[in-house]
*Asks:* 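Please see the structure below; I have some questions.
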Amino acid sequence: MATNRTFTMIKPDAVGNGYTGKIIDDILAAGFTIKAMKYIHLTKAQAEGFYAVHSERSFFGELVDFMCSGPIVAAILEKENAVEDFRKLIGATNPANAEEGTIRKKYAKSIEANAVHGSDSDENAEIEGNYYFSAIERF
Ligand code: GDP
């Protein structure tokens, strides 16, 4: 069932490069509403927990180290068709392949330091939002 919600993180590269405000502006301009938001510097254990589904992938250790390299901004966003529309807004995983105007095309540097996360399904949007926000925070 579509929840009309997705989960995002503005990753350490984008926060460190001062793009947080610009990325939030792009998200709001695309019609998303912010339902919850927090600024947090992940511990290794917290990043490993979030990316547990990727634990068998060759780049898991690098990805975890990267996600702990500086603060991030995590948020739950709402819009009709949120998951699919947000994936379109952020563009391909590798910014070199991302379409013009997408967030990753504008603000990302590499396949790892790719500026933002966006959930890939309604189910994962719920799991990921629940990982970061308590029930009262995501009401
Ligand atoms: P996404 O759904 O577009 O975020 O992409 P994936 O689920 O495939 O990968 C999760 C995250 O792992 C990506 O957003 C990147 O930050 C990172 N990542 C993906 N592929 C690679 C890779 O080949 N090398 C490294 N170092 N990181 C990667």
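Residues take their numbers from the sequence shown, with the count starting at 1. Whatever order the structure lists ligands and atoms in, that order sets their numbers, starting from 1. Bear in mind the structure is a predicted one, so any value in this text is a computation, not a measurement.
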*Asks:* Within the structure, is a non-hydrogen atom of M67 found at a distance of less than 4.0 Å from ligand 1?
*Replies:* no
*Asks:* Could you label the plane-to-plane angle of the H117 and F50 rings as parallel, tilted or perpendicular, counting under 30° as parallel and over 60° as perpendicular?
*Replies:* perpendicular
*Asks:* For atom 8 (O) of ligand 1, which protein heavy atom lies nearest, and how many Å away is it?
*Replies:* R57 NH2, 3.2 Å
*Asks:* Is the shortest distance from a Lys or Arg side-chain nitrogen in D85 or K79 to a carboxylate oxygen in the other one below 4.0 Å?
*Replies:* yes
*Asks:* Could you identify the single nearest non-hydrogen protein atom to atom 1 (P) of ligand 1 and state the distance to 0.1 Å?
*Replies:* T93 OG1, 3.6 Å
*Asks:* How many angstroms lie between atom OH of Y107 and atom CD1 of I90, to the nearest 0.5 angstrom?
*Replies:* 13.5 Å
*Asks:* Name the orientation class of the two ring planes belonging to F32 and F86 (parallel below 30°, tilted from 30 to 60°, perpendicular beyond 60°).
*Replies:* perpendicular
*Asks:* Taking only heavy atoms of R87 into account, list the atoms of ligand 1 that are under 4.0 Å away from them.
*Replies:* 1 (P), 2 (O), 3 (O)
*Asks:* Does one side chain, of E128 or S119, offer a donor that lies under 3.5 Å from an acceptor on the other?
*Replies:* yes
*Asks:* So which of F60, F66, F59 gets nearest to atom 21 (C) of ligand 1, if we judge by its closest heavy atom?
*Replies:* F59
*Asks:* To the nearest 0.5 Å, tell me how far R5 CZ sits from E126 CD.
*Replies:* 9.5 Å
*Asks:* At a 4.0 Å threshold, what atoms of ligand 1 neighbour a non-hydrogen atom of E62?
*Replies:* 26 (N)
*Asks:* Below a 4.0 angstrom heavy-atom separation, can you tell me which part of E112, side chain or backbone, both or neither, approaches ligand 1?
*Replies:* both
*Asks:* Strictly under 4.0 Å, does any heavy atom of I111 approach an atom of ligand 1?
*Replies:* yes
*Asks:* Atom 10 (C) of ligand 1: which protein heavy atom is closest, and how many Å away?
*Replies:* H54 NE2, 3.6 Å
*Asks:* Show me which atoms of ligand 1 lie under 4.0 Å from any heavy atom of N114.
*Replies:* 13 (C), 14 (O), 15 (C), 16 (O)
*Asks:* So which bit of R104 gets within less than 4.0 Å of ligand 1, heavy atoms only: side chain, backbone, both or neither?
*Replies:* side chain
*Asks:* Are D26 and K106 within salt-bridge range, i.e. N to O under 4.0 Å?
*Replies:* yes
*Asks:* With atoms numbered from 1 as shown, which atoms in ligand 1 lie under 4.0 angstrom from a non-hydrogen atom of K11?
*Replies:* 13 (C), 14 (O), 15 (C), 16 (O)
*Asks:* Looking at E137 and K38, does any basic side-chain N land under 4.0 Å from a carboxylate oxygen?
*Replies:* yes
